[in-house]
Each structure stands twice: as C-alpha cells, then as structure tokens.
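Below, all heavy atoms of this structure are taken into account, side chains as well, without hydrogens, waters or symmetry copies. Each chain gets a letter, A, B and so on, in the order its sequence line appears, and its residues count up from 1.
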Amino acid sequence: VGRGREPNTVVMTGATDFEEILHTEEGEPSVQQALWDAGLDEDITVELQTVVSDSVQRMQDAQSTLQAGRAPPDIHMMDTGWTIPFILREQTTNLSEELPDDVVDRVEEEYLDEALEAARHPETDEIHGIPLFPDFGMMLYRQDLIEDVGYDTSDWGTEPPSWMEFAEAVADARSEHDLNYGFTTQAAAYEGLACCSFNEVMSTWGGGYFGGTENLFTAGDRPITVTDESVLDAIRMMRAFIHGDDDEHAHDDYPQISPSAIVQWSEEESLGPFTGGDAVAHRNWPFSIAEAGDEDVFGEDLGVMTQPYAVSEDEAEHEGVGGTAAALGGWNLTLSPYTDRSEQALEVLEAFTQEEVMLTIFELQGFLPPNLDLLDDADPDEIGPIARYVDQLQMAGENAVPRPVTDVWPEQSALMFQEIHAAYRGAKSPEGAMNDLADRLEQSETEVAEQHGD
Amino acid sequence: MARVRLEHVTKRYEDVTAVDDISMEIEDGEFVTFVGPSGCGKSTTMETVAGLTRPTEGEVYIGDDNVTTLAPKDRGVAMVFQNIALFPHMDVFENISFGLRLRKYDDEEIQRRVEQAADIVQLEGMLDRMPDEMSGGQRQRVAIARAIVRNPDVFLMDEPLANLDAKLRVHMRTELQRLHRELDTTIIYVTHDQAEAMTMSDRIAVLNAGELQQIAPPLTCYNEPANRFVAGFIGSPSMNFAEGELVEDGVRTKNFHVDLDPGNVPGMTVGDAVTLGVRPEDVHLTTAADTVAQPTDPIDARSDVIEPMGDEMFVYLLLAEGAERSMEEDPSSSADQLLMSVTPDTPIEEGQNVDVVLDRSKIHLFETATGQALLHGITNLSGRDSGTTPTEADS
Amino acid sequence: MARVRLEHVTKRYEDVTAVDDISMEIEDGEFVTFVGPSGCGKSTTMETVAGLTRPTEGEVYIGDDNVTTLAPKDRGVAMVFQNIALFPHMDVFENISFGLRLRKYDDEEIQRRVEQAADIVQLEGMLDRMPDEMSGGQRQRVAIARAIVRNPDVFLMDEPLANLDAKLRVHMRTELQRLHRELDTTIIYVTHDQAEAMTMSDRIAVLNAGELQQIAPPLTCYNEPANRFVAGFIGSPSMNFAEGELVEDGVRTKNFHVDLDPGNVPGMTVGDAVTLGVRPEDVHLTTAADTVAQPTDPIDARSDVIEPMGDEMFVYLLLAEGAERSMEEDPSSSADQLLMSVTPDTPIEEGQNVDVVLDRSKIHLFETATGQALLHGITNLSGRDSGTTPTEADS
Amino acid sequence: MATDTDGPIGGGETETERDRSGNAVVNWMENLSEAAYAYLLLLPAFALLTLIAFYPLIMTFIMSLREDRTRGAEPLGGFVGIDNYVDILTGNARVARQFMDISVSASFPFLELGVPLLQQALFVTLGFAVISVFFETVIGFGQAYVLDQDFRGRRWVRVAIILPWAVPIVIQGMIFFLLFQPEVGFGSDLMQWLGIFGPNPLADSQDAFIIILVADIWKSAAFMALLILAGLQSVDRSLYDVARVAGASPWQRFKMITLPLVMPALLVAMLFRTMDAMRVYGLIESTAGCTTVPSLTCLVVEAMFGGTRIFATAAAVAFATALVIGLIISVYVFFFRDTEGGLY
Amino acid sequence: MFDDNDSAREDDGVRGTDGDGDDNGDSDGVPEHWKRTREMTDGGQPADESRSGILTEDTEAELDRGPFQQWVADSISNPERVYRSMFYTATIFFLFTTLFPFYWLLMVALTPEGQQQDIILTPNGFNPGAFIEVFQVLPFHWYMFNSFVIATASTILVLVIGSLAGYAFGRLEFPGKTPLMLLVLIISFFPPAAFFIPLNDLFNTSFFLLEPITGDGTLYNTPGAMVLPLSAIFMPLAIFILTTFYAQIPDGLEDAARVEGTTRLGALFRVIIPLSAPGVATAGVLTFIAVYNEFFFSFLMTDGQPENWAPILEGILGYQGQYEVMYHLMAASSIIGVIPVAILVIVAQEKIVSGLTAGALKE
Ligand SMILES: Nc1ncnc2c1ncn2[C@@H]1O[C@H](COP(=O)(O)OP(=O)(O)OP(=O)(O)O)[C@@H](O)[C@H]1O
Ligand SMILES: Nc1ncnc2c1ncn2[C@@H]1O[C@H](COP(=O)(O)OP(=O)(O)OP(=O)(O)O)[C@@H](O)[C@H]1O
Ligand SMILES: [Mg+2]
Ligand SMILES: [Mg+2]
C-alpha cells in the first residue's frame, strides 16, 4: 500500500475486523461494493492499511503519521475519544467546507448528535470527522436467573431499574444460583474506566467531571465537579459493589456484588466470566451482545439494557446527566490534510454517509450505524442476536454519555482513571482521591487557559 | 616423604601417545632432569605428577600416597610452566604471592618471602610491574619466583631458564641448587640445556617418543649411554656414529677398521651389524696421539669446515675421498663424516689432510638393529676386551 | 637492498628506557646476533626494525628507505617472536601459510612452500594439529616455519631455538645457516645460547641496559671484548675477574700478582684501579704449565667444587685461606674465587691444594671505574708489552 | 630436503617485490599515527550515531526548553528556559504520575512522602533497577557457569537458557499478565495462598512490582549469562592450571582468577542491564500498567504519546530521566577505572 | 562451585549408568573415539586437555557434614560426586525456571479461544489448530521474515561498525578516548522515545538521493527506517562488549599478524575478531535478538503492513482486538516466532565461534 499505488486508490486505516468486510470474495456483499452501490465512482477503490486494534496504539500511530506530515493513509479512522485533539492540532480537514453542502446537511441531520459532537471542531462546530459507527456501554444480564429469584425484568429494556433494585436482584440471583460473580464491569486503570464505565456510573448518579454536558468539549474555563457528592456517591456505590459492608467508605445501602478482580479487568478479561456463565450481569459494548446472545450461549435468556441509575435526570444537579446512561464510544473517519487525493477521498467519505453503506457495515460486522434509526431497517437475519435488542440500542443512543474530549482529555483521563482506580481499590478514600483529582484537573485546566489566553 | 613414583604411566591423546608406559622412582630430595627431543612427553609426564593431566593408564605416587586422582592443590607440588602463564591481571608481587595468599599467610610473611624470591631471580624493583610490561626473560623469572616462594615438597620445573641469558642462567642454576640443598625438596626439571642437565641433576631421565630410555646419573648417561639414542642425545655436539659390521678381527665400517675380538661383544657374532660411536672430543689428531693411551689405527681424513667456538674448536672431517659435507643430515650421523673437537689453538686449517685416531677406551658399540649398547670402551688389554659392559639401564 | 641501519634509536616507556640511543649498520646478507642480559632491550630493538614499535627517537632504515614510520607489512621482514605467538585459532598449516595467503599465492605454491618449511623444521605430519595440541618445542618450530616460508628480505628471530632440544637445535642452526647463505637474507637474531651466537653470526651485538656495548665478529668479542661487561657476558662459564691496582711492577690483586710494565697500559698510571680478567680455560694447573707459552707465577689455590660436564670439567678454586665458596654471587666475580676449566680426565679432587698459572697472553685488563678494556694479553715480550690493544669497538 | 634451484623455500622473488604494490588508501591508513588511526576507525560509528542519536537528542533537548502547545499546527511554543525541568522536580509537570514527591519534614524520618514510594517514578525505577540487576547478575553467573561446562546436551540447555531473552517484551508481559490474572493463571491464587500477594496483584503496586521484577529477572538473566559466558570462555585455561597447582580451591580460583578476568565483561553486562532496567517500560505496560507501577520511562512515553501534545514536557522528562540514569551510571564508570580493558 | 577436569569430561560418555564415574576411567568400555565424537557434538569445540573445565575432583575439606552419614562418607571419598550433583541440581533448576513459563505459554496456546480460565498445568481443552490459525489470520511468516532481514542487517552493521570502534577503544591509545566512550554510553541513558520525534521527521523527509531506492525518497516503510535507529541504539552495547574483549587479546598475536603482512585493519579481522569469537558472537546474538524483539521503533517506523517491512511485533499485536485478545494466537505466534530464532541464534553462534576460531580465515 502506498508506494506506486494506483491513482484512484484511497487508503484508509482500519483494524482486521474492518479489513474482513471491506473486500470479500467475489459476489459476497462487501463494504467496497456498498460504497460503489452508493454512488462512489467505480474507478475508486478503497484500500485498508491495517493497524492494530488497540486504541491507544492506534492513536500513537496516527499521531506519528500526522506529526510527520505523512500520507497515505488518506483517511484515518479515529476513536471518538481522541478525534478532537487531532482536530485541534489541525491534523484533520474541515469537512463542513470540503464536502458538498447536501452531504453536510444530511450528516448534521441524521447522525446521532452525541457521536457527531465528538467529531466537530469544539470552537467552530464545523464537522471534521464522519462517524463510522458508535458504540454504547450496555448492561447485559441473565434474564432467566434474575426472573428466577422473583424480579420482573420485562420492562428493564425500556425502563432500566435503579441501581438498588439491580444490585439486589443480582445479589439474590447470585446466591440463589451459587455463581462466582454477580455484576462484572471494567475497572482497571485505563482509559475505559475514565471515559466509560465510571463515566456511566457517575452520570447515573447525576454527576459529571465538569458539570453538565454543556462543558464537555472546551477545556480551560469550566467547573470541576469531581468532588460533588454525586460523584462521591457513585464511587461509594462501586466500593460497596466491590468490597461490601466491611469498607467504611462503601455506600451503606448497596450489597457486595462485584469481584474485586474487576480492578484489573478491562473488556477482554471481563467478558469471559460472563459468557462462561459465572456472572449475573455484565457491562460491555454491543459486540458482546452478539457473543452472549448467541443461541449457543444464552440466546433469549440474555437481557440487555442501558445502565441502571440512582438519580433521575430531573433530580440531577447538572444538565444532561442523571437517569439511565450509556457511555459513548465509536470511531470516526477523518481526512488527512496531507493527502494528495482529497477529491477521491471526499467521494469515499460521502459514500460512507449513505444509509446502504451503514447498513452493510452493520449487517456484515455488527458495527452500529451512526444513524440509529436505521437499526430498524436492518435485516434481522443478517444481524443476528442484536436484532432482539434494537430498542435498547436506540435507547442507549438517546442516553449516550460522551466523554469530555478536548485537547487535554488524554492527559486528564489519565489523571481520572488513576484516581478513580485508587478509590475503587480502597487505596484512597473517595474524598481523598477526588480532591487529589480536582487539584490536578485544576492545574491542567489553568494551563490550557493560560496557553490559549494569549 | 616426597618420593615420587610413576608406575606404568601412559597418556594417550586421540592419535598420539604422549607418554608410553613410564615407570620410575625419584627419591626424596633427589634432583632429576628430564631430557629428550621436543615432543617426547616431558611436559606431559610432569603434568601427570602435578595432577593436571590424569594418566590414561598407570599410577602416580607422591610419598606413600597414590595421588593419581588427587587434586593438584593437595599434592604439595609447585610448578614452573613451560609457557610461563603469568596472571595477566596481577602485578609481579601478586603473581608471586598468589600461592601464599591462598594459604592465608600473614602479610609480613608474604612480603618477606616474596622479596626473598624476587631477590633470587633478580627482580627487585619490578614488583609492581604488570606482566605485559616485562621482557620475556623477566616474565620467566616471575614464573620461577612464583614457584620457589611456596616451599613445596616437590618442585616441577619445565624449562625454567629457557629465556634467560647465560650469565643469569648460571646464577639461577646455582640458586636452584642451593634451594635444592637447603630445602631438601625433590626437584623434577626439564631442560634442553646440556650444561644444566649435567651440572644440576642427581640423575637424568632421557625420554624419547614417550618412552624412558635411561635414567642414571649424568656422567653415566654420558659415558655409558644405554643405547644409541641416549648416546646421540647427550653431549653437544653429538657423538659420531659409524655403522658397520662385526668381522673376524674387529669392527669394519665404511671408512675405517677398529680392532676387536668379536667374542667379547656380548650376544653378537661375526657378521652382525653394529654401530660404532665416538664423541668429538675423543677424536684426536695423530700428532697429538701421545696423550691417548690406546689409540686406534690412524684414519685418513680431510678437514672440511672449522668452527671456532672460543673455548674449543670443531673440525668437520671428511673420511671418504670426494665426500661432500652433508648439510641436510645431522653431521654426526653420516658415515663419511667425523666431527672432532680440539682446543682452539690447534694448528689446523680448512681443507688440510689430516690423520686422526680414536680413543679406544671411549669407543661405544651399539647393536644396529635395536640401538642397544653393547660395549663402552674397547680397551684391548689382557684378554678382557672391554672397559665396561653396559649395565642394564636403571629403567 | 636489505641493509638495516639504526640511527640513534631510543625507545622509552613511561619509566624505563628500553633502548638507549642505539646506532648500528647491518650489511645486506649479514647475520647479526643480539645478545645481552634479560631485559636489556633486544626484543625492543628488534621490534623497532619490524615496525611494531615506533622509536621514541631515531630512525630505522631498511635498504635505502627510511622505514621509521612504515607499516610492518611493507618492510619485507619476517619475525619469529620470543613468545612464539602462534594464532591459536589456526592449525599448523594455516599458521605457516598465513603470510602467503595474505599475499594471495596460489594454493599449489602455498602447499609446496609450507611442506618445504615444515620439512626444514621437522614438522611433517603435524600440519593439521592445533597449537594447543603441541609441545612447547613443536610450537616454536611452527613459529620458525611461519617466518621462513615467506622469503623476506630481513629475518628477525627472537630466540627461535629456545625451546628446542640440543640435537634439533644443532639441526636448526645448520638449516638457518644454509637458508642464510642461499637466500642471502639479512638476519637479526637474538639468542641466549653462546654456541649459537658464536657459530652462526657474522657479528655479535652485545647490549646492556639498552645500550650497545660492542658489535663485532664473535671471536673478536670473545678474544677482545670492548669492556668488562662484554668480557663477562660472552663465554660460558664466564670470565674470572679480579679487581686490583696497578703497581710499579705489575697488577696486584687481593690474592695474586701479575708482572707487567704499567707504562704499557694506555692512559693509566700506577695506583689506578684495574680489573684483571681471565677465562676459565686459560687457567692451568702448574703441572700442565708446559703447554702455556707465557704462564704467570703460580698461584696457590684449593679446589672446592668440581663439576664434570662430560667433555670438560669445571673446578672452582678458592684462593684465600679459609675462603668459602660464595653461592650468592656469580662465582666468577668474587675476588677469592677462580674458576678453571680442564679436560675431564685431569687428576684432581675436591679439597685438594693445587697451584695454578694463568696464560699471560689471554689475560685481559680493564679500567675498574669505566669497565673499558685496556689490554688484551699481557705478553711481556720484547719491549712491546701487550698482545693487542683494544681497537675502538666498531659501534 | 631437496635443494631446488630457486633456493630452499619458494621462488626466487623476494616478498617486497611482490608486496609494495599496495594501494594508496591502505598505505595512507598504515601510516597514520595511532591517534589518527583511532579517530578514523571511530568515524563510521560516530557518523551513524550523530545522525541517528546525537542529532535527535539535541533536537529533543531544544524541544525541552520550549513551551507545550496542545492545539494548533505548531507543536511547540516559545522558549521557557528550564521551566519544564523545574515543573518536573516540583511536581507541577503535566504528567499523570509523580516523578518524585518528597518533602522534608521536621519529624523522623525527616522525609515526607507526598504519595507512597511505589507511586513515585524515581523510586520505583531505582528500586527496580537495583533489585533486578542484583538477581540477574547472581543468576546469570550461575547459568553461565553451568553453560561453561562440557556436558552432553549443552547446546540445548543453552537454547533453553537463552530462550527467555528471545521473547518479545509484549509476550513476556502477556505471560506474566496471564499468570497473575486470577481468571486465567494460577499465579495469583498460589501467591495469595502463600500469603504473599493480595487478591489483585496486578492492581496492587507492591505485588505488581514483585511480579515485574520476577518477569524481568526471568528474561534478562539470560543476557547476563550470555555475556558472562563469553567472558568465561575467553579466559586462558592454562591460568587455571597454574592456580590449581598453586593450591587454589575451586572457590579461590573463582574469586582470584575467574572473577577478575570476567570482570570487564561482567561490568559491561551490569552497566547495560542497569541502564535497561532504569528505562523499563514495555514490561510494565503489558502487565500491570503504568498506573500501578509508574517508572520514569512510563512518564516519558505517556507524555509523548498520551494523546495530549505535551512534547516539551515529554522531552524534559526524557532528559531528566537520562540525567538520573547518568548519575547512577557514574558509579559504574568509577569502577571501570580500575578494570583492565574497561574504559581505560 | 562446580569444577571439572579431564576425566570428568570423559565420564560424560557414561553418565547415566552410574554416579561415580570417577575411578572407572577408561574401563567403562566406551571407545575413546566415540566419546570424543560425542564431546564434539555437544560442545562443538575440541575438548583439549589444557582446557580444564570446571567440575573437578578437588577435595573440599569444608564440605557440609549433614546427618546423612553414608552420603557424607561417599562424598568425602568422592567429592566429584557432590559437584556433579550440585551441577545437576543447578542445571535442572535453571531449566525449570526458564522453561516453565514457556510450557505455560504453550498451554495457553493449546487452549481454545475463550476458555482461557484456570489454566494450570494442562490446557483447557486441546486446540493445536492455533498454530495453523496463526498463519491464516495474518501472514505471520511475512512478519517473521521482515524481522529476520532487519535483525540480520542491523547485526551486521552493528558488528562491523562496532568492531572498528571497539578496536579503537580497546587497543589504541588516543586523546579523548574516555570522553568519546562516555559519549557513546550516553545514548543508552535515554528512553527510545527521546529520539522519536526528530527521527520521525527525518525519516519522513524526502531525500532526493533516496528517491531511486525507496520511491518517494523517504526511509519510512523501508528496512532502513528500522535498521538505522536500531543499529544506533544497540551500538553502544556492542561497542562496549567488543572493546572489552578486544582489549584482552595479547599484543603479540596482533604483532605477529602485522609482520606476516596484514594491514592494521587486516589484523583486526583476521586475528583480533576470530580470537574474540565468544565476545563477538555474543555481541551478535544480543544485537540480533534485541532488534528482533524491539518494540518501539518497530512499531512506529512502518505502517504495519507486512509488505512494508513491518516486523514480527506488528504481527503479534495483530491478534489483539479492540475488546478481546486472541491470547491463544498470541501465545502460539510467540512460540513460533521465538523458538526458531533462539535455536537459530544458538546454532549460528556456535558456528560463528567455531568458524571464527577455525576455518574462517581460509580463503
Ligand atoms: N610495555 C612496556 N612497558 C614498560 N616497560 C616495558 C614494556 N615492554 C618492555 N619494557 C621494558 O623494557 C626493557 C627491555 O625489554 P625487552 O623486551 O626489549 O628486553 P629483552 O632484551 O628482549 O629481554 P629478554 O631477553 O628477557 O627477552 C625491559 O626492562 C622491560 O621491562
Ligand atoms: N592436547 C593435546 N592433544 C594432542 N596431542 C598433544 C596434546 N598435548 C600434547 N600433545 C602431544 O603429545 C606429545 C608430548 O607433548 P609434551 O608437551 O609432553 O612434549 P615435551 O616433551 O614437553 O616437548 P617440548 O620439549 O617441545 O616441550 C607431543 O607430540 C604433543 O604434540
Ligand atoms: Mg614441553
Ligand atoms: Mg626479549
């Protein structure tokens, strides 16, 4: 790829899972075919530069590529979590300007707002990235086991229970069925804790890192609210889940339902015990629905919902938090400013905004379309178990919680997961950890303010 | 206490038998020198005594103990190595004191002994040099000092004086003899220097191709060599040999005849091949024959090359008419050639025709086939024909 | 073409001056031997010729070229190293052929030459041995073969025969002489073996403490040593010295007196300290004095130790009443001691009182202060008092 | 010996005739003085190092003197002198973990830890380096000694011992991660049962520190072993003979001959292991993570690749790290002074 | 402490028949030449007698006196046995500790995907297919090949350039030696990241001269982009190792070579290097493996495509998904990637050592 390539080849980055569906055997549906079907010039082919799957390493990769001003790749696939820093460093192209107006309008209109938000320039609101697919933090649970111990889960999908109810149900189910674990989630010290698993919990308690959703995308001058009671309560609840009553900092009302091992778990480690039947409930991304919902695993017995909550949206102090939640993940496509074939690349991007393409991707690999309305249009036979949980996914879209991505987000998230992790483990008290975090965030914010003040 | 005894010691490498069934007994306090051609197994034999090489067969005793499998350090031996082998990371003092430090002597004692040893080998003032800052001879002296400083029961010295100049060598020789006398240690010594071997040793062990040829006091080896090999090896320049045949009235070689009653040659009969040997200093000009008690008949010769050596002079004689001096072969082993050693003031010139006689009392007779000595001296006096019949070699 | 010339060559190490302002000229085809005590700078001088050591001062010429800064490989020299220095990672064949392979000789030629060289040093059949599978002498022979196989203009040989046995040594000596004659190469040779130095060399260069003492033909060095050092160094056993004083009628030493007209001693006057030197073979029993043309007055002595050497016999004489044989010092330099060399059949026993005379024509006289030779032979004939007055040393 | 007409050895030509045709470059090189020749030999190495190492370091150093810029095309702001370094030492740098966080207090032990010692990059790194290098040296020596023997199957034992060294760091990390991942490996249970570890060793700074130490020793002892083995094999065997005759016990031979003669190689091995250990990162990242066991290089890497563009800080942390390593290394350099064949 | 001597080595032939092979010398019935052959295959080096190894029969007076009287008595009469058994204990200990993680890794590889729970000493299920799947999911052999080329090139470059420098540092005297040596050392003080940004710029800059070679004139995506920095980064170690070993070769041998007609440089390559064979081979092995496994530059200096010289690391990381890791494939691929290299390196090292010390100079 790259050297001496065909003039009409556009190179984009992607992991092997995307590679599998971009080009397939003759006659089989493929993304390339879908792009062509969606109006892409038949001369233009898309080639994939395979990168590793790990998001952090992909970011490093993109960073060194763009830092060096290198192209191809012409189109970068960027994590929602770190698109904005690249936008702010002028390492993406302003698509609002470059794409035809009708396309821009269509995107503005149809795409999930929260997803699009993480692909806009925070200052100008112009679109710099086209969301390829969103991801939501979902709660998976063993409907059969919970119903067994007398809880009615029939409406959990549309109206998630409170954390209290959920915790009790899980606790009962666990002891009744003598399982090793109740509720498993990710609490290792990594980005996923800050952006997602804790972000969700915090949000369902009505808390936020920087107040409400209005402050998410501009660093520098915003309140730091990690010492709010709502945030501390969220941590206390988690400590109760992990450590139970023995822990003086645990929330008194909640039972112990999570193994302490979650403090070293990320997605990879946490999924296994659930699919292996060792846990009652589990938080993970939609890909896990396909796995756990497989007929060979739990099939119909798998329940899926957005996160339980403790504080309703109305009671929440800040705007946009409270109530059920689903952390937002996903990937965007951005156009490298260094490409020498932006025309073709823009055509490709435009084709990606077409519904057929989104659906093809969804059907082929289970990547959710950024326009969630399309979920209903997908062929249930193609998409497998996910078909059963379309409503929940749409609901997740409505309650999506984006992370506060700014140019300094990576730096701040490291501070956050470090402190949250310490608090989870019990190495620090919730207050202590959050006070330390507040201090460090303060410092970081001021530096940004200073830097951009001039 | 420090008798050394080898019993049927054999050492074989893949394709070489370095030591071949050697047995000998070295008395406590004796000074025995190993001599022999290069590669004959001297060093290897020593190594079996030191314990560095385990004999393929046979046993080694030191004192009354069978030490064949004992570690070198427990044998109470000290050794000067042929390849010197100084520790490159230690200075002279440390090299010399190595063995003492191992035995945890106290510092003063070490200091004293090292200084004494350094004194003996004339290395005073060099104690803090590193080996690579010294000349070849200086290194060798360090190696000697390293051995003598330790006062062992048995000294093994493999050509310890090879790199030293004549004067220092004489000095070291004296020193070693003194050490030997004073310490009463057993010394096994290897040298290529005949003078060393002759002056220092109680007995000389002559080795060849891994086999022991003779072990006897120096003069016995010189005067009554057990076989032709020993005869040729001991003495420099080497003995002259002339192959011949036992005839009715004596021995006849290609160029001359020596009277002798064949009946006196033990185990031989007329017609058997014998080799006659005579040392260069036992060849005399007929003009000086009066100093010889029993000269042979004069032999015609022509002087070829004359080598003045300072204190003596070598005259290469050609016996046959038209013979050329052979350069390729050892001068002493050509039938047409005779080497004579005379005092430097002897009036003789190159190319001159001379008549020479041999000193009958110094003529040796060997069996050509086996090389075994038959007679030493063929003094034809009073019925008894021979001076000495060779005793069976001590080996 | 292969004349070697040293001009004021000096080599200093940090605290040692290894070579001190040496100048000499070695003719094309000449065979010059360096002798001198251990550490006197022989090897270092050689290394400056080889180009391995760059002199601190002075220049080296080979042929007509100033090679002081030329690389060893371009000097056309071959060298046998004192420490042998075989390449341990190559077998004998590879070691010997190393230089030829570097010069890209073709395989056949290499094979032929190596075999020839191996033949000369008697290493046939060992060509595929590794150095550590060989005895000391065998290794040394490989080193020699490695040098001679190359046919260089100048041979440098640093004790090439040190580890060889007497017989092989004589053989190698002859071979080297033949090579020298046939190839007409210049050879610079270091040896500690007097016999080697005397027989092989055209000239001997005697070094001491980095300085050149004398460079002259062997017999000149032996008979007319330039100074006391050379006199004592050349000849084995060493010359006897007796320190004394020039008196009205001769030289008087502690234990005896020698007649002489002091006026004949150049540059000296009565009362000056002189040293008298006489070689062991020029000391004779009074009973044998008839063979000496000009004996001195008899000197009273007592025989102490007698060392029979086979072809000669050393007698240590004590001159003073009650004197002890000194072991510490070089026997020849004690005033009370005199070493005599006689034929082995001389009837003399240890502890016997004997009278000896010195051969006046062989007595040397040195200035005690400087060691410079004054007279060689003090034959008191016909007004002219001395046999030879020392010529200024060639150096 | 046949006397051939050309002389006893070879053809009549003497070697100089054949020889003095060497080309000019060679002659020029041969005639250089020792110093000039040395510089010539060093030239290629220094040319490469200058281009690939010194030049980037200088650029990075300049970077460290400027201001961070997290937005805009230009990655660096104006010159701020040593501000970035001051920030690092005062705990104000924009890095998630503390470089060092100690203040002097009035009461015993007169030092007050801002965060626990194992959360301070400097001490984690130093502790790791000292402990791991110590054990690696001891074990490496043992392994080298075993490998120096002649025994049947030595080659395969050598392969086995070198194998860990051939393992990529990611895999090394993965092995120990999985071993101590309670779900997968038994390491965690075992150690917990033995009472050494807590329930989540990979999330506990102290337990994780030990795991990382073990992982590093497992892999890197082989490095030591190889170098020491090479040193052992270069020792002239006849020296052992001398020592044996002189009465040295095996231990004395080791102490007085092997050790000093292997010392140069050993020092090189320890020197480079120490520097490597002081730069430990990949192993941590792939097992416990930089949050649990922060090392100095963790700070550098996170600053440089963390996603927030704080290149100046990253550069400053890198140089501060180098400075720390340099200080430690000067101890070695001091030792080298007395060692034959070392720096001098 | 282990020690060795000649007979100990000879006993290797009969080890296993009984423990005290001490005094049975040659009566063990094993033909001499046979033992010899076996020694050769084991050690690769001729077992000459002067190389006294380590296990010896030395009596150690201070042997432990434990309760096992019989054993002690045996040991005293035959101390070699103690060394032998200590030697075996140590060997087995080392073998176990180094190999166990590999065994465990193998178990992980054999365990089917998704069942990586509670693997102790046996795999959870049995799925040798992982070793094939590795190649199906990614062209793992490509990555191996790339790494191989890169490592070989770097090793050669490092050894050649490092040898010149090592020779200068180890055997020559010149002003500025110590400072220059320290300068080399300083490179190793810095984490690789410290070099990255300028190098990344440099390698992505188009050089006119390189255009015919690399197409776009940059080094990115070429082996050069890895060989150069990796060589530079591992050069200090090699220089130090080589310096140490070269310094120990006696001057006499170099002198002999020069008089025989080598140039100064020739003496280095013909005598110094071959004689330092253990050191040179070790420097080579260390460099090779270090480069083969390097993480940082390997990861950042290519775009990760096997056809663009992406090294093995990218391959292994390729089995790592966003939310799941194919542990069994990573394990399998590591085993595939590592074991051949380790074996190759060792075999090569032995060849190098014996080659350098024996026939290498034949031309
Ligand atoms: N590298 C060095 N550093 C310091 N001094 C040295 C060095 N090499 C030689 N010397 C000294 O220089 C002097 C002359 O040494 P050289 O090797 O030339 O002696 P030599 O005449 O060959 O002696 P030998 O007969 O013992 O070999 C000796 O005193 C020696 O100690
Ligand atoms: N390790 C070995 N492998 C094979 N052969 C060997 C080995 N060591 C010695 N030899 C051979 O054994 C024979 C005897 O060697 P040794 O060293 O004992 O001779 P030497 O009498 O000391 O000779 P020199 O006077 O030359 O030192 C020689 O032919 C030698 O080549
Ligand atoms: Mg020998
Ligand atoms: Mg010398």
Side-chain angles (χ1 to χ4, degrees), chain D residues 26 30 34-35 38 41-42 44-45 48-49 52-53 56 59-60 143 146 149-152 154 158-171 174-175 183-184 186 226-227 230 233-234 237-238 240 250-251 264-265 268 272 275 279 282 297 300-301 304 318 321-322 325-326 341 343, chain E residues 1 3-4 9 12 42-43 47 50-54 58 90-91 94-95 98-99 101 105 116-117 119-120 161 164-165 167-168 172 174 178 181 187-191 193-195 198-199 228-229 232 237 240-241 244 247-248 263 278-279 282 289 293 295 313 316 330 334 338 341-343 346:
Chain D
V26 172
E30 289 302 302
E34 185 161 312
L41 292 186
L42 291 176
L48 179 70
L49 293 180
I52 307 295
M59 299 302 284
T60 305
Q143 293 178 335
V146 165
Q149 310 302 306
D150 273 320
F151 57 90
R152 195 160 17 148
R154 177 172 77 159
R158 176 136 33 139
V159 170
I161 284 178
I162 200 191
L163 260 182
W165 173 249
V167 171
I169 292 175
V170 231
I171 299 303
M174 189 185 94
I175 293 173
E183 277 308 295
V184 185
F186 59 91
L226 276 185
L227 259 174
Q233 289 178 336
S234 304
R237 303 280 161 156
S238 63
Y240 289 117
W251 166 246
V268 167
F272 279 84
M275 291 190 299
R279 293 180 295 172
T297 304
V300 180
V301 173
M304 187 159 289
T321 302
I325 296 180
L343 272 182
Chain E
M1 280 302 358
D3 215 278
D4 183 5
R9 229 177 9 252
D12 287 338
D42 285 353
S50 60
R51 271 182 61 113
S52 69
I54 306 193
D58 296 8
T91 308
F94 288 136
L95 282 181
T98 54
L99 291 184
L105 193 64
Q116 266 86 18
Q117 291 109 15
I119 303 172
I120 299 183
I161 295 184
L164 299 181
Y167 178 84
L172 300 176
F174 55 93
T178 310
M181 199 123 187
I187 294 168
S188 305
F189 293 178
F190 289 87
F195 305 88
L199 279 186
L228 287 178
L237 172 65
F240 267 69
I241 294 178
T244 309
Q248 292 171 343
T263 57
T282 302
I289 292 188
N293 289 335
F295 179 81
L313 221 114
I316 292 173
M330 285 181 76
S334 322
V338 161
V341 174
I343 291 175
I346 289 293

Do you know the tightest heavy-atom contact between [X] and [Y]?
X        : Y        : value
D:Trp165 : E:Asn293 : O-ND2, 3.7 Å
E:Pro229 : D:Ile52  : CA-CG2, 3.3 Å
E:Thr282 : D:Leu226 : CG2-O, 3.7 Å
E:Ala90  : D:Val146 : CB-CG2, 4.2 Å
E:Ala193 : D:Met304 : O-SD, 3.2 Å
E:Ile289 : D:Ala166 : CG2-CA, 3.5 Å

With a 3.5 Å distance limit and no angle check, can you tell me whether D:Arg279 reaches the backbone of E:Phe189 through a side-chain donor-acceptor pair?
no
D:Thr60 side chain vs E:Ala194 backbone, donor-acceptor pair below 3.5 Å:
yes
Mind checking ring pair (Phe, Tyr, Trp, His ring centres under 6.0 Å) for E:Phe94 and listing every partner two or more places apart, or none if nothing turns up?
none
Based on non-hydrogen pairs under 4.5 Å, which of D:Ala35, D:Pro44, D:Pro168 is most in contact with chain E?
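Of the candidates given, the most pairs with chain E belong to D:Pro168.
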Could you go through the side chain to side chain contact (heavy atoms under 4.5 Å, CB included) check for D:Ile171 and E:Leu105 one step at a time?
CA-CA 9 Å; D:Ile171 299 303; E:Leu105 193 64; 4.0 Å; yes
Given side chains that start at C-beta, do those of [X] and [Y] come closer than 4.5 Å, heavy atoms only?
X        : Y        : answer
E:Leu99  : D:Leu163 : yes
D:Val301 : E:Pro191 : no
D:Ile325 : E:Phe190 : no

Counting heavy-atom pairs under 4.5 Å to chain D, which of E:Ile241, E:Leu199, E:Leu237 comes out on top?
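Highest number of heavy-atom pairs under 4.5 Å: E:Leu237.
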Identify, with sequence neighbours excluded, every residue that meets side-chain contact (heavy atoms from CB on, under 4.5 Å) alongside E:Thr263.
C:Lys73, D:Val26, D:Glu30, E:Leu265
For D:Val159, is it the side chain, the backbone, both, or neither that has a heavy atom closer than 4.5 Å to a heavy atom of chain E?
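Both backbone and side chain of D:Val159 come within 4.5 Å of chain E.
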Under 4.5 Å to a heavy atom of chain D? For E:Leu228 that would be both
Criterion side chain to side chain contact (heavy atoms under 4.5 Å, CB included) on D:Ile162 and E:Thr98, from CA distance to verdict:
CA-CA 8 Å; D:Ile162 200 191; E:Thr98 54; over 6 Å; no
